[in-house]
Amino acid sequence: MMRYLAPYQTGLWLAEYLDIRCQLCRIYRSTPQAQLAHAYPSQSKENRDDAATQFLSTRPSLITKYRQQINQRFDSGLLCKHCHHSIAWLPKPFNVDIAAGTILPIQAATYYDYPMRQAIRAFKYHENMTKLPLLLHTLRQLPRPHGCHKNNSVIVAMPTTEQRLIKRGFAPVLILAAQLSKHWQIPIWQGVERIDNTVSQQGLTRAERLSNLDNAFALTEKPPVKRLLLFDDVATTGASLQALGQAIYSQTMPSTIDESHATDYYHIRAYALAHGSQS
Ligand SMILES: [Zn+2]
């Protein structure tokens, strides 16, 4: 997986630790995440320190060269306060059904409006890496789900088809999921495959989206833990996350009541970078 991620990682580190400008307006100084944390009390300092340690350990030559700058600008943040407040509107979670009596709650980090819509599209369709710091800043506004940690949870990034991966040449959702994984300190699990017979969801109605996704996902192995945190870049109607949730639910649940025990149940929740209309 690292081969998809390495080039993006360097750009993010430079943006976060060496560039003091806001990655959105490019005018004001960026504000350390810690000073923005009051709006999102679940942001933990440990995660940021961990990112710092990783950065230093992988770039020993930079330590000597830029020690002073790194110390000064350490955790300088990615956005200024003005820009942060323009995007930091945690939408209310919404629910979709994945089985009779089982709902999947979907929480997005922000709305799919200006400037996020443009940034996501530039990143996703034009591989515009300069937008990645803004997307990462926004992802970090997602509070880590209560009670979830690296030993009991995994992140399941919305799988893409091989066809789409080849056409696009990179996996945008997986790159974002890797950033979320770092932020939450919860590993990614890639045990779901997307079967190559669906067409793009864009421009379809909700009913069309759902039937398009019938049997689109197949588990290739049993989930290693009971808490599954699904992730997609944009949730519009939630149909893709719903179909993924349904597939996991139906392929992991005990087939008869007799077989079922409380411990067999998986807890599935879903997260997205942005929530809104695709049009
Ligand atoms: Zn700004």
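In each ligand, atom 1 is the first atom listed, and ligand 1 is the first ligand listed. As the structure is a computational prediction, the values presented were derived from the model and not from experiment. Residue numbers start at 1 and run along the sequence shown.
Protein N/O/S atoms nearer than 2.8 Å to the Zn ion (ligand 1) total 4.
Phe217 and Ile188 fall within the same hydrophobic cluster, where Ile, Leu, Val, Met, Phe, Trp and Tyr residues are linked whenever their side-chain heavy atoms come under 4.5 Å apart, directly or through other members.
Here the closest heavy-atom approach between residue Ala157 and residue Val173 is recorded as CB-CG1, 4.3 Å.
Ring centroid separation for the pair His82 and Tyr28 comes in under the 6.0 Å cut-off.
Each of Tyr112, Phe94, Trp89 was checked for a ring pair (Phe, Tyr, Trp, His ring centres under 6.0 Å) with His275, and the lone residue meeting it is Phe94.
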(message) Would Leu180 and Leu229 count as a side chain to side chain contact (heavy atoms under 4.5 Å, CB included) here? Give the steps.
(response) CA-CA 11 Å; Leu180 188 62; Leu229 310 171; over 6 Å; no

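Judged by the 6.0 Å and 45° rule, Lys226 forms a cation-pi pair with Tyr266.
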